[in-house]
Asker: 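Here you go, one structure.
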Amino acid sequence: AAMKHLPYFCRGEVVKGFGRGSKELGIPTANFSEQVVESFPSDMSTGIYYGWACVGNGDVHKMVLSIGWNPFYKNIKKSVEAHIIHTFKEDFYGEILSIVITGYIRPEKNFDSLEALISAIQEDIEEAKRQLDLPDQRKFKEDNFFHLPECKIVKNH
Ligand code: ADP
Ligand code: MG
């Protein structure tokens, strides 16, 4: 169920999350709107995925993505959040985030401590980096999906 819909292409606005404090952990996650989340296949498993991401018409970077149960909605709705493996100078709320999800790492888990959570996420990031270096994964970075025609016009002005 996790792999069946991959690669999965998705584009949408970055919205404010529910303040799980991801940024305080050093792992900010750009959240998609409820509308975008609703558009995901309902049988796509929750868990940790990896792929490529691009903010606006910026560069394409590696990312890890969580599809999880949204505590804000009493865990009846999903949330989709991307941690882009890149250091950005500023926040990008309101910008268009384009992603392609290309692989699955693991299901959602509960952790006994914050340290355990952070180290699991660090491992997910390392795993994503390794996988995305493989030729079959690298090719998605160059996908035409990331070349927005409108943005090219803006760039040439
Ligand atoms: P929220 O609960 O509002 O999602 P987070 O602590 O998860 O807050 O921070 C997410 C925000 O951080 C993103 O919406 C984005 O504007 C910013 N941000 C900065 N760097 C990154 C990054 N590398 N990956 C994802 N988001 C980032
Ligand atoms: Mg977030």
Side-chain angles (χ1 to χ4, degrees), residues 2 6-41 44-111 113-133 137-138 140-143 145-148 150-151 154-155:
L6 306 188
Y8 190 79
F9 293 84
C10 171
R11 182 147 40 226
E13 197 183 322
V14 176
V15 302
K16 200 97 189 98
F18 32 85
R20 266 183 187 159
S22 325
K23 204 177 284 168
E24 287 70 38
L25 305 183
I27 315 149
T29 59
N31 292 53
F32 279 116
S33 69
E34 201 186 315
Q35 200 186 349
V36 170
V37 176
E38 297 275 307
S39 72
F40 270 62
M44 196 156 160
S45 310
T46 60
I48 310 300
Y49 294 79
Y50 59 83
W52 298 98
C54 159
V55 177
N57 62 353
D59 294 336
V60 181
H61 301 287
K62 294 173 177 178
M63 65 147 193
V64 287
L65 181 97
S66 142
I67 301 180
W69 295 107
N70 189 331
F72 189 79
Y73 291 102
K74 301 193 164 76
N75 300 326
I76 55 166
K77 283 185 191 230
K78 284 177 186 171
S79 74
V80 177
E81 315 180 15
H83 172 68
I84 304 169
I85 306 174
H86 176 75
T87 306
F88 290 88
K89 288 201 194 81
E90 306 178 329
D91 285 352
F92 44 84
Y93 290 109
E95 299 252 13
I96 300 299
L97 175 64
S98 302
I99 64 165
V100 56
I101 309 170
T102 57
Y104 177 76
I105 301 179
R106 60 169 175 87
E108 274 193 293
K109 262 188 263 175
N110 284 317
F111 293 94
S113 67
L114 202 54
E115 290 72 36
L117 169 66
I118 294 173
S119 78
I121 297 170
Q122 296 303 349
E123 278 170 34
D124 295 335
I125 291 171
E126 290 313 310
E127 174 68 6
K129 284 188 193 166
R130 273 195 301 273
Q131 293 294 334
L132 289 163
D133 274 334
Q137 295 291 331
R138 277 223 157 261
F140 288 108
K141 187 184 182 182
E142 314 301 333
D143 198 281
F145 176 74
F146 291 117
H147 300 156
L148 286 160
E150 331 54 278
C151 293
V154 171
K155 243 191 214 165

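When a ligand or atom number is given, it counts from 1 through the structure's own listing order.
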Asker: Do we see a donor-acceptor contact under 3.5 Å between the side chains of K16 and Y93?
Answerer: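 Note: K16 and Y93 side chains meet the donor-acceptor criterion.
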
Asker: Can you tell me if T102 and Q137 form a side-chain donor-acceptor pair at under 3.5 Å?
Answerer: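 Present: a donor and an acceptor within the cut-off.
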
Asker: Are any of the N/O atoms on Y93, whether in the backbone or the side chain, positioned under 3.5 angstrom from an N/O atom of ligand 1?
Answerer: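 Such a contact does occur with ligand 1.
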
Asker: For F88, which part has a heavy atom under 4.0 Å from ligand 1: side chain, backbone, both, or neither?
Answerer: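 F88 to ligand 1: side-chain contact only, backbone stays beyond 4.0 Å.
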
Asker: May I ask you to decide if the ring planes of F40 and Y8 are parallel, tilted or perpendicular, using 30° and 60° as cut-offs?
Answerer: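 Rings of F40 and Y8: tilted, 30 to 60°.
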
Asker: So is there a nitrogen or oxygen of I85 less than 3.5 Å from a nitrogen or oxygen in ligand 1?
Answerer: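 Between I85 and ligand 1 (N or O atoms, distance only) the closest approach is not under 3.5 Å.
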
Asker: For S98 versus F146, what's the shortest heavy-atom pair and its separation?
Answerer: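 Nearest heavy atoms, S98 then F146: O-CE2, 3.4 Å.
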
Asker: Please identify which atoms of ligand 1 are closer than 4.0 Å to at least one heavy atom of V14.
Answerer: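 This gives 14 (O) as the contact atoms.
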
Asker: So is A82 close enough to ligand 1, meaning a heavy atom under 4.0 angstrom away?
Answerer: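 A heavy atom of A82 does come that close to ligand 1.
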
Asker: So for ligand 1, is E90 a polar contact partner (N or O within less than 3.5 Å, distance only)?
Answerer: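 Looking only at distances, the answer is no, because the N/O contact criterion of under 3.5 Å is not met.
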
Asker: Under 4.0 Å from ligand 1, counting heavy atoms only, is it the side chain of D91, its backbone, both or neither?
Answerer: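 Looking at D91 and ligand 1, atoms from backbone and side chain both fall under 4.0 Å.
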
Asker: Below the 2.8 Å mark, what number of protein N, O or S atoms do you get around the Mg ion (ligand 2)?
Answerer: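 With waters ignored, the protein N/O/S count below 2.8 Å is 3.
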
Asker: Taking K62 for the side chain and K129 for the main chain, is one N or O donor matched with an acceptor at less than 3.5 Å?
Answerer: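 The answer is yes, because a donor-acceptor pair under 3.5 Å joins these two groups.
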
Asker: Just distances here: any N/O of G17 and N/O of ligand 1 closer than 3.5 Å?
Answerer: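 Looking only at distances, the answer is yes, because the N/O contact criterion of under 3.5 Å is met.
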
Asker: Any non-hydrogen side-chain atom of S79 less than 4.5 Å from a side-chain atom of F18?
Answerer: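 Counting from C-beta outward, S79 and F18 do come under 4.5 Å.
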
Asker: Answer with side chain, backbone, both or neither: which part of H86 has a heavy atom less than 4.0 angstrom from an atom of ligand 1?
Answerer: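 Backbone only.
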
Asker: Please identify which of these residues, I84, V15, N31, meets the side-chain contact (heavy atoms from CB on, under 4.5 Å) condition with L97.
Answerer: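 Result for side-chain contact (heavy atoms from CB on, under 4.5 Å) with L97: I84.
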
Asker: Number the atoms of ligand 1 from 1 as they appear, then name those within less than 4.0 Å of a heavy atom of F18, with their elements.
Answerer: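 This gives 2 (O) as the contact atoms.
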
Asker: Please report the shortest heavy-atom distance between I99 and F145, naming the atom on each side.
Answerer: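 Nearest pair, atom of I99 first, then F145: O-CE2, 3.5 Å.
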
Asker: Minimum distance, heavy atoms only, to atom 7 (O) of ligand 1: which one of L97, N31, L25, T29 is it?
Answerer: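 Nearest option to atom 7 (O) of ligand 1, by heavy atoms: T29.
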
Asker: One pair to check against side chain to side chain contact (heavy atoms under 4.5 Å, CB included): E13 and V36. What are the steps and the verdict?
Answerer: CA-CA 8 Å; E13 197 183 322; V36 170; over 6 Å; no

Asker: To check you understand the geometry: which heavy-atom pair defines the closest contact between A2 and S45, and what is its length?
Answerer: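 The pair with the smallest heavy-atom distance is N-OG, 3.3 Å.
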
Asker: Could you report the tightest heavy-atom contact between A128 and I85, atom names first, then the distance?
Answerer: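 So the two residues come closest at CB-CD1, 4.4 Å.
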
